[in-house]
Amino acid sequence: MVQGPFFKRIYLEITNVCNQNCPFCPQTSRKAQFLSLGDFELILAKLQGHTKHLYFHVLGEPLLHPELSQFLNRAKTQGYLVNLVTNGSLIEEVGPSLLTQPALRQVSFSLHSLAHQGKAVTKERLNQILKFVDQAAQNTSMYCSLRLWTGGIEENQVVIEELTRHFDLGFDLSAQLAENQGRGITLRERIFLNPAEEFAWPSLDAPLQPGRAYCHGLQQQLAVLVDGTIVPCCLDGEGVIALGNIYEQDLQEVFFLSRAQDIIYGFRQGVAVEELCHRCGYRTRFTKMA
């Protein structure tokens with residue numbers, strides 16, 4: 001029986017390659033890579049007993065992976081539920097196969113990636129996404145999350161107008177976004193709009209963030225990069241806080257090493273131990289929890 005930590009979710013980067021170049025997303029300096037099916041099966045075995053929920057997300061676009069369907073089949077066989085995050089640009093091509101995958105619990109679409117495409121492209125891609133969302137709601141039990149940054153309400157007006165029309169909303173969606181302060185908005189059963197404030201990815205070149213620190217990293221989550229590097233959370237896209245490697249070590253071994261334990265103890269005391277965490281703007285959302 002596996003001993004060691006159990007996480008609410010584990011992020012698994014099945015590729016660090018993306019087909020978009022959004023200004024808000026960092027470009028990785030790591031080698032472009034796609035996880036092989038054999039390595040994916042090895043990772044599934046290594047993660048057994050440590051989570052039930054896999055998130056195909058860190059950097060990269062998961063719908064680009066040529067073996068995505070096989071990954072989802074293997075995950076289902078091993079008892080995992082999968083959530084994936086996508087920019088939605090490939091949903092017309094890949095969507096039909098996703099609708100046949102019982103392992104897929106949720107698909108999250110980053111609608112803020114549409115804001116930089118121009119009005120015509122934004123409407124076209126959004127309609128493709130909404131077509132998939134409708135089919136998922138009608139024919140599966142999966143959830144669909146439409147993510148939108150509230151700081152760009154004016155910039156995303158096309159998206160807001162299309163959502164209002166498509167779901168025949170009887171309320172002012174812009175006003176709801178302004179008032180909700182990050183809380184999700186139900187558009188239809190199992191379809192949600194999840195607004196959030198834009199954030200800057202943590203970087204060793206970013207400014208220091210003052211005040212007490214708290215994060216879910218290593219407490220509710222961790223992430224495995226495409227090369228097997230284990231990091232505390234999904235925002236360490238460069239593997240700065242490399243705790244170990246899933247191909248070389250068991251997860252419980254990595255978890256109980258001093259570096260990981262120091263991070264956990266630090267956050268419980270309201271202190272960021274790692275330099276990258278000192279420069280993470282996202283963690284300021286959790287300050288009240290520290």
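- Residues L68 and S97 have side chains not in contact (no heavy-atom distance under 4.5 Å, counting atoms from C-beta outward).
- Hydrophobic clustering (side-chain heavy atoms under 4.5 Å, transitive across Ile, Leu, Val, Met, Phe, Trp, Tyr) keeps I160 apart from V121.
- Contact annotation: the side chain of S108 never approaches that of N83 to less than 4.5 Å [non-hydrogen atoms, C-beta and beyond].
- Formation of a donor-acceptor pair under 3.5 Å by the H65 side chain with backbone atoms of L35 is found in this model.
- Under a cut-off of 6.0 angstrom, the local environment of CD in Q135 is crowded, with over 12 non-hydrogen atoms contributed by other residues, nucleotides or ligands.
- Using a 30° and 60° split on the angle between ring planes, W149 and H112 fall in the parallel class, below 30°.
- Scanning both residues, N19 and S89, for their nearest heavy atoms gives ND2-OG, 2.8 Å.
- For the pair E93 (side chain) and L63 (backbone), a donor-acceptor distance under 3.5 Å is absent.
- Taking 4.5 Å as the limit, some side-chain heavy atom of I264 sits within range of a side-chain heavy atom of F255.
- Under the 4.5 Å side-chain heavy-atom criterion for grouping Ile, Leu, Val, Met, Phe, Trp and Tyr, Y265 is not connected to Y214 through any hydrophobic cluster.
- The nearest pair of heavy atoms linking L169 to L187 is CD1-CD2, 4.0 Å.
- Looking at E13, its side chain does come within 3.5 Å of a backbone N or O of V226 through a donor-acceptor pair.
- Although no hydrogens or angles enter the test, the distance criterion places no donor-acceptor pair under 3.5 Å between the side chain of R190 and the main chain of C144.
- For the residue pair Q106/S145, the side-chain donor-acceptor check at 3.5 Å is not satisfied.
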>> Assess the residue pair V94 and L64 against the criterion (side-chain contact (heavy atoms from CB on, under 4.5 Å)); give the C-alpha distance rounded to whole Å, side-chain angles, the decisive distance to 0.1 Å, and a yes or no.
In response: CA-CA 9 Å; V94 182; L64 279 174; over 6 Å; no
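- Nearest heavy atom pair, residue G266 against residue V273, reads CA-CG2, 3.9 Å.
- In this structure, a donor-acceptor pair under 3.5 Å is present between the side chains of D134 and H166.
- Hydrophobic clustering keeps I191 apart from Y143 (ILVMFWY residues linked when any side-chain heavy atoms are closer than 4.5 Å, directly or through intermediates).
- Looking at L44 and L54, their side chains come closer than 4.5 Å, going by heavy atoms from C-beta outward.
- Summarising the geometry, atom CD belonging to Q220 is positioned 11.0 Å from atom OG1 belonging to T51; distances are rounded to the nearest 0.5 Å.
- Hydrophobic clustering places V82 together with L37 (ILVMFWY residues linked when any side-chain heavy atoms are closer than 4.5 Å, directly or through intermediates).
- To the nearest 0.5 Å, atom SG of residue C233 and atom CD of residue Q219 are 12.0 Å apart.
- Of the inter-residue distances, the one linking S113 atom OG with N21 atom CG reads 12.0 Å to the nearest 0.5 angstrom.
- L42 and L12 fall within the same hydrophobic cluster, where Ile, Leu, Val, Met, Phe, Trp and Tyr residues are linked whenever their side-chain heavy atoms come under 4.5 Å apart, directly or through other members.
- In this structure, F267 and C277 approach most closely via the heavy-atom pair CZ-SG, 4.0 Å.
- In this structure, CG in L72 is found 4.5 Å from CD in Q101, a value given to the nearest 0.5 Å.
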>> Test side-chain contact (heavy atoms from CB on, under 4.5 Å) on K131 and Q128; report intermediate values, then the result.
In response: CA-CA 5 Å; K131 179 180 178 181; Q128 293 170 357; 5.7 Å; no
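- The closest donor-acceptor contact from the side chain of R74 to the backbone of E41 lies at 3.5 Å or more, if one exists at all.
- The distance from atom CD1 of I14 to atom CG of L225, rounded to the nearest 0.5 Å, is 13.5 Å.
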> Is there a side-chain contact (heavy atoms from CB on, under 4.5 Å) between F109 and V133 once you walk through the steps?
Replying inline: CA-CA 10 Å; F109 295 92; V133 166; 4.0 Å; yes
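- Side-chain contact check for K8 versus Q221: every heavy-atom pair is 4.5 Å or farther apart.
- Within the 3.5 Å criterion, the main-chain N or O of L59 finds no donor-acceptor partner in the side chain of N16.
- Side-chain contact check for L146 versus I129: some heavy-atom pair is nearer than 4.5 Å.
- Smallest separation of non-hydrogen atoms from G49 and F6: O-CD1, 3.3 Å.
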>> With side-chain contact (heavy atoms from CB on, under 4.5 Å) as the criterion, how do R125 and I91 come out once you've worked through the C-alpha distance, each side chain's angles and the decisive distance to 0.1 Å?
In response: CA-CA 9 Å; R125 290 190 177 172; I91 198 64; over 6 Å; no
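- For the pair L177 and L193, the minimum side-chain heavy-atom distance is below 4.5 Å.
- In this structure, L222 and V224 approach most closely via the heavy-atom pair CD1-CG2, 4.3 Å.
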Would you be so kind as to tabulate the donor-acceptor pairs closer than 3.5 Å made by side chains of residues 241-251, with sequence neighbours excluded?
from : atom 1 : to   : atom 2 : distance (Å)
N245 : OD1    : Y247 : N      : 2.9
N245 : ND2    : D227 : O      : 3.2
Q249 : OE1    : N245 : N      : 2.9
D250 : OD1    : K46  : NZ     : 3.3

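- Counted within 6.0 Å of CD on E189, heavy atoms from surrounding residues, nucleotides or ligands total 12 or fewer; the atom is thus considered open.
- The closest side-chain donor-acceptor pair between T86 and E61 falls under 3.5 angstrom.
- For the atom pair CG (L126) and CD (E161), the distance works out to 11.0 Å, reported to the nearest 0.5 Å.
- Inter-residue side-chain proximity for L208 and H278 is flagged as met; some heavy-atom pair is nearer than 4.5 Å.
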